[in-house]
Amino acid sequence: MSKFTAGLNPEQRAAVEATRGPLLVLAGAGTGKTRVITHRIAHMLAHGVPASSILAMTFTNKAAGEMKERIAKLAGRKRTEALTVGTFHAFCVKSLRQYGDRVGVRKAFGICDADDQLVAMKQALRELQIPETQIQPKTCLSRVSLLKNQLISAEQCAASSDDWEADIGRAYRRYDESLLASGLLDFDDLLLFMVRLLEDTRTLTEFQKRYKYLLIDEYQDTNGPQYEIVKRIGGKHRNVCVVGDDDQSIYGWRGADVTKILNFEQDFPEAKIVRLETNYRSTAEIIKGANAVIRNNKSRHEKALRAAAGTGDAIVTRKLRDEEMEALFVVQDILHRASEDREPLGEFAILFRTQVQPRLFELQLRQHYVPYNLVGGMSFFDRKEVRDILAFLRLVANPADELSLLRIINTPPRGIGATTVKNALAIAAKQRMPLSEVFARGIEFKELQPNAVREAARLIESLKSLQHLASGSGLVELVKRLVREVRYADEIKRCYSDAATRSKRWEAVNEIMNMAEIHAHHGSEADLTSFLEDVTLNANDDRDEEQTSKDRVTLMTLHSAKGLEFGQVYLVGMEEGILPHIRCIQDGDIDEERRLAYVGITRAKRRLTISYTASRARYGDRLNSLPSRFLYEMLGKKPPAQLIEKAGKALSAAVGGNGKKPAAKKKPPTRNRSKSR
DNA sequence: GACTGGGCGCTTTTT
DNA sequence: GCGCCCAGTC
């Protein structure tokens, strides 16, 4: 037994030792998945597999960081340096920076975030004269994202016989064109262009030569392009290890395709399968409840968790009069348990399905002076100042970036209103000239306000003059000069009269400078492009660290709870219409909701409390609520058929009967229908 | 630009 | 019922 298999259970050991050939590790919640992954890699390194031939991909930066850290601890930092461990997206960015020109991507491409995407999509819809009332930019974006994640092209979509869908396809194409013209890729494009890159035989061979061992974490979350990447690179040597849990697939709505993990054996018929079913996290009662719920899902890899820990308290289910009482009960119970069990507040979590639920809990927590963290919501990178400064920086790095230019063209105000922008865009289109050039040479065009345009030209000029600092060690200097150059301090003064707000806003600007400072001293590449890339790809990192580490009660959605664990968990709003959510009931997508419930239950180590109400305010009405079918399942009972029927009807009536006729609604085809075809 | 009124829509969210 | 976003107005 090697150093890296000692102390593992037989299944874990089997997974660690199966280093050659395809391997599917079905790792139930709390079964030591990360342990297996890290030990497996350490084991491979110890047996002479060169670190540079291993490619390990995850979905989040956090997971990648943890993996790297833990492997380094096991195998030594030096030995792990040459490993490639990172998110799919980071890997694609790196590869595209190197070979992007082979698929028509300029090497200095920028990555556009959700905000830029929205601007671009709005523009696309406007150009196509599709009114926003007909297709909402946000809806269109998420639809396009889903299409991209399913490897469906704009052309395919535009050819749809459904008018709505065909319009989406046209918007999709226009949107892509405008991003490409701006030298930008969105998150989905990173994966798509990587797939294209791997369609080139020469490049594919290079990648196959370099990466002989693949490891994919959270494989149940794999979407179309990610799957293609794995299949292509791993198709040759077939040392593909995928780890995941089909029962925890909760991102189907954004393109994750659970069939990929269900059908792994079809892609790799010689695959070995290891099931990790011993749960080291929760008490027997909690595991029993989790099993009882998930058992009801139809298509899944058959497995059941066994609790390694002994028995504990029974799962508590509690019915409350309404949502206010629910919040009060939970908060009082937390205080009670915290003192009774001498448990720090950091061990408590309140988990909910939707973002409207936490309000009342926050209120109660405040009233009881209980410190808490609400995970999610506004990020540092959503702040106006941060977005502004980053837009300026993007423009320095990539003058073609039209979206960033539009964002800051009148910030601080320099007299360029909507009309000037519209005219400038028209000129740019007519003359086939980059928008920045139109502004830079603005004086030549009599359609444009001379005074305003002179200011814009000056701005573009000064951004250009900062370009020489963009490479190498000038990064910090660049940010500082930029902030001064555009007089951002004055802008903050102008916008906010109150001193406290001003200093708070300025803090954000300072923080960017700090980040630049850190970045400049961190890696080998300290240039502007790599800084922007880092900021865009790691936008959420620092916060969740902070948000979970302190001794505070955690409030978060079931989705963000995946992968975490807490001593005591409160699963709230366990009602028909919330969990399972009404939309999923209507669409008949109950299985993913059941997995969500399963994820929630399995977060708890020692104690799980589930609450539901007798009545709840929804859409301005007060409705009688019904306990979730998952509650019945958990107790080993069949949910009464009439409950489900009744719940469906009552809720549909409430949603549809909210003053407007459902028939008056623009007819977006139901999600379900368009998704499955 | 700042303000205001009307209309709409109302799951989940990482990269 | 509430909040957000947009368009229109001054």
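Labels below follow one simple rule: chain letters A, B, ... track the order of the sequence lines, proteins then strands, and each chain is numbered from 1. On a predicted model such as this, the values are computed, not experimentally measured, just so you know.
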- Message: For the CZ atom on A:R106, are there more than 12 heavy atoms of other groups (residues, nucleotides or ligands in this structure) within a distance under 6.0 Å?
- Response: yes
- Item | Gap between atoms CD and P, on A:E323 and C:dG1 respectively (whole Å) | 13 Å
- Task: For A:H581, enumerate each residue passing the ring-ring contact (aromatic ring centres under 6.0 Å, His included) test, keeping only those at least two apart in sequence or located in another chain.
- Result: none
Quick test: give all pairs of protein nitrogen or oxygen and nucleotides 6-10 of chain C nitrogen or oxygen below 3.5 Å, distance rounded to 0.1 Å.
| residue | atom | partner | partner atom | Å |
| --- | --- | --- | --- | --- |
| C:dC6 | OP1 | A:K122 | NZ | 2.8 |

- Any salt bridge (charged side-chain N to carboxylate O under 4.0 Å, His left out) pairs touching residues 85-94 of chain A, not counting sequence neighbours? none
- Within this structure, what is the CD-to-P distance between A:E592 and B:dT13, rounded to whole angstrom? 13 Å
- Message: Any salt bridge linking A:R407 with A:D116? Criterion: basic side-chain nitrogen under 4.0 Å from a carboxylate oxygen.
- Response: no
- Message: Taking only the P atom of each, what is the distance from B:dT14 to C:dG3 in whole angstrom?
- Response: 24 Å
- Message: I'd like to know if A:E362 and A:R359 make a salt bridge, using a cut-off of under 4.0 Å between side-chain N and carboxylate O.
- Response: no
- Task: Rounded to the nearest angstrom, tell me the gap between atom NZ in A:K148 and atom C1' in B:dT14.
- Result: 16 Å
Using the 3.5 Å cut-off, write out each protein N or O paired with an N or O of nucleotides 1-3 of chain B and the distance between them.
| residue | atom | partner | partner atom | Å |
| --- | --- | --- | --- | --- |
| B:dG1 | OP2 | A:N410 | ND2 | 3.1 |

- Which part of the nucleic acid does A:R595 contact within heavy-atom distance under 4.0 Å: base, sugar-phosphate only, or nothing? nothing
- Qualifying residues under ring-ring contact (aromatic ring centres under 6.0 Å, His included), relative to A:F352, sequence neighbours excluded: none
- Task: Quickly work out the A:E593 CD to B:dT12 C1' distance and round it to whole Å.
- Result: 8 Å
- Could you say whether the aromatic ring of A:H581 and the base of B:dT11 stack, counting only centre distances under 5.5 Å and plane angles under 30°? yes
- Of all the choices, B:dT11, B:dT15, B:dT13, which nucleotide is nearest to the side chain of A:R353 once you look at every atom? B:dT11
- Note on the structure: Closest to the 5' end of DNA chain B, once A:I250 and A:H89 are matched to their nearest nucleotides, is A:I250
- Task: Could you give the distance separating B:dT13 and C:dC2 at their P atoms, to the nearest angstrom?
- Result: 23 Å
- Between B:dT13 and A:T557, is there an OP1 or OP2 to side-chain N/O distance shorter than 4.0 Å? yes
- Item | Any A:Q136 side-chain N or O less than 4.0 Å from OP1/OP2 of B:dG9 | yes
- Task: Tell me, yes or no, whether the heavy-atom count around A:E491 atom CD, taken from other residues, nucleotides or ligands under 6.0 Å, exceeds 12.
- Result: yes
- Message: Between A:K148 and A:D176, does any side-chain N to carboxylate O distance fall below 4.0 Å?
- Response: yes
- Selected nucleotide, minimal atom distance to A:R254 side chain, candidates B:dT11, B:dT14, B:dT12: B:dT14
- Query: Atom CD1 of A:I590 to atom C1' of B:dT11: distance rounded to whole Å?
  - Reply: 13 Å
- Check whether the aromatic ring of A:W253 stacks on the base of B:dT12, taking stacking as ring centres less than 5.5 Å apart and planes within 30° of each other. yes
- Can you name the residues that form a side-chain contact (heavy atoms from CB on, under 4.5 Å) with A:S145, not counting sequence neighbours? A:N149, A:D188
- To the side chain of A:Y251, which of B:dT15, B:dT13, B:dT11 is closest? B:dT13
- Message: If I take atom CG in residue A:L185 and atom P in nucleotide B:dT15, what distance separates them, rounded to the nearest angstrom?
- Response: 18 Å
- Task: With the side chain of A:S560 defined as its heavy atoms from C-beta on, choose the nearest nucleotide among B:dT15, B:dC10, B:dT13.
- Result: B:dT13
- Query: Between A:D587 (CG) and B:dT11 (P), how many Å, whole number?
  - Reply: 11 Å
- Item | Enclosure of A:R487 CZ (heavy-atom neighbours >12, cutoff 6.0 Å) | no
- In whole angstrom, give the distance that lies between atom CG of A:N61 and atom P of B:dT13. 17 Å
- Heavy-atom pair of closest approach, residues A:I512 and A:F531: O-CZ, 4.1 Å
- Message: Is there a side-chain contact between A:Q355 and the phosphate of B:dT13, meaning an N or O under 4.0 Å from OP1 or OP2?
- Response: yes
